[in-house]
Student: 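Just dropping this structure here.
Convention: sequence-line order gives letters A, B, ...; per-chain numbering from 1.
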2 protein chains.
Amino acid sequence: MGSLTSTHPRLPRAQRKAAILTAATRLFAAKGFSGTKTREIAELAGISEALLFKHFPTKKDLFAAILAQYSPVPRLLTEVQALAHEKNDEQLFRYIATTIVSKVPDTQLMRLILFSALEEPELSDLFFHQHVSRFYKVFSQYIARRIKDGALASCDPLLAARAFMGMLINHRLLSDIFHLPVPHSPEMIAETIVRIFLHGMRVTAPNSASTASGITRLGASESYSSKASPSRHHSPRRKRQRS
Amino acid sequence: MGSLTSTHPRLPRAQRKAAILTAATRLFAAKGFSGTKTREIAELAGISEALLFKHFPTKKDLFAAILAQYSPVPRLLTEVQALAHEKNDEQLFRYIATTIVSKVPDTQLMRLILFSALEEPELSDLFFHQHVSRFYKVFSQYIARRIKDGALASCDPLLAARAFMGMLINHRLLSDIFHLPVPHSPEMIAETIVRIFLHGMRVTAPNSASTASGITRLGASESYSSKASPSRHHSPRRKRQRS
DNA sequence: AAGATGTAAGTAAGTGTTTACTAACTTTTC
DNA sequence: GAAAAGTTAGTAAACACTTACTTACATCTT
């Protein structure tokens, strides 16, 4: 067994904690929160279960610690904000597309995020409202500015941002999570998506539309009242708790 | 207790089976496969655990039975195939968009599909390769035909189909699963997405491109070899099994 | 340099509960 | 009266988490 150090690889607190987090991340991403057993985590980390619980008082605390430390957003966001100054749409959108399609966040993190959203919403809602919403806010602000500039066609910027990201995320979902074959190179996929989107958002020259009805207008009918309030069923019971 | 029938609501086999499936579906969708306990299912169905196991020999069999019976695809697909004959792009794409945005499949089924893809891939891969792939095949064939007709710009039809569906699915993910607010009516969302996509896929008049590099071409660079083969780690061990 | 000592790192062996699943029995219905 | 529908009361294993203990090692003292 002992290959690195002679007999007992005793580690300082911080290092051991990190080792546990690494092991737990892999297992939680693979099998979810309730699908992962604390014994497996301890085994993969090469320690006893008792030690695990000395570092993280409950399984949930461990899961929360993992969620708190990972986020793909900041790195992406700083780059986007830098590119936003140049007002080069193609460059910016292509950067985002290439990043996402080339597995950022990686499959493990995607699975972790999905699992947490499904299994532990109160933990992941924080994550989403902090990181994801912030990204969409910055991104849609850029789009709004470019619409005002006259570089992009007018429509709701947030919807446009979500639409663009959706094309990318869906590709990752289909390939990483649902295991459908992807018969193209990442570069080509990114380029096609950017092309469809930017072409779709391009201002039309005052031409006659080639289709029957006039869909040259962009904002779509805005007279609908947004009264969407689906009753969430949201089970509020919880079994065990800790201080 | 007995409110429907006087004392014992004894049901014929098929009906009881259906009642169990209904209860199990709700719980599996809410808490996943390993998060749901057979005792809870029996309780919600109003029967003993023993009876549950008389109808479904294992918990996994029950889960598989649920997956086998639901699919949002056939209904959507027949409608799409009917509309495809008319070659009215706006009508067809708008139909798909409205359907998805207006919660078909509903939140419960979306959660169920995601849970099964994450927790029981061998069960859901069947689902995806049968239903989802079939939908994309039909849908992308329509797009391919419209490209040949000259009605849509040339690009890979499968990528285009996935891009379009991605905009819609992402909206459902953000609102249903990740609980981000959606500040628009379903109708406006659907319309905006359709507009972006169809405008993006519209053939450009032989004009000069307004951006620096020439992106008037559609298929994107096709010289990349598709050598994507990420090593899946795919834990092959399984604990309990049944004949 | 050798020992004493405090403390952090680590573990073996549980605890009570929960879990998927079963055996053996009772009740209803045709 | 017999088959089908249903239950009670289990079982062995698995589960998150604890208790009570041992071991390694840096630092201080002599």
Student: Provide, to the nearest angstrom, the distance between the NZ atom belonging to A:K59 and the P atom belonging to D:dA14.
Tutor: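 About 15 Å, once rounded to whole Å.
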Student: Quick one: A:F53 CZ to C:dA8 P, roughly how many Å, whole number?
Tutor: 22 Å
Student: Excluding sequence neighbours, so at least two apart, what forms side-chain hydrogen bond (donor to acceptor under 3.5 Å, both in side chains) with A:Y95?
Tutor: none
Student: Starting at atom CZ of B:F63, determine the distance to atom C1' of C:dA20, rounded to an integer number of angstrom.
Tutor: 16 Å
Student: Taking atom C1' of C:dT18 as reference, at what distance in whole Å does atom CD of B:E43 sit?
Tutor: 13 Å
Student: If you measure from the Lys or Arg side-chain nitrogens to the Asp or Glu carboxylate oxygens, is any gap between B:K103 and B:D176 under 4.0 Å?
Tutor: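 Salt bridge between B:K103 and B:D176, a charged N being under 4.0 Å from a carboxylate O: yes.
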Student: Could you label the plane-to-plane angle of the A:F178 and B:F128 rings as parallel, tilted or perpendicular, counting under 30° as parallel and over 60° as perpendicular?
Tutor: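 Rings of A:F178 and B:F128: parallel, under 30°.
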Student: Can you tell me how far C1' of C:dT11 sits from CD1 of A:I20, to the nearest Å?
Tutor: 14 Å
Student: Quickly work out the A:R39 CZ to D:dA16 P distance and round it to whole Å.
Tutor: 10 Å
Student: What nucleic acid atoms does B:T36 come within less than 4.0 Å of, heavy atoms only: base, sugar-phosphate, or nothing?
Tutor: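 Sugar-phosphate only.
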Student: With A:S34 as reference, evaluate A:E120, A:K59, A:E119 under the side chain to side chain donor-acceptor pair (under 3.5 Å) test and give the passing residue.
Tutor: A:E119
Student: Are B:R75 and B:E79 within salt-bridge range, i.e. N to O under 4.0 Å?
Tutor: no
Student: Using the ring pair (Phe, Tyr, Trp, His ring centres under 6.0 Å) definition, which of the options A:F135, A:Y142, A:Y136 pairs with A:F139?
Tutor: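 Of all the options given, the one that passes is A:F135.
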Student: How long is the line joining NZ of A:K37 and P of C:dT18, in whole Å?
Tutor: 15 Å
Student: What string of B, S and - do you get for nucleotides 5-10 of chain D, 5' to 3', when a contact is any protein heavy atom under 4.0 Å?
Tutor: BBBB--
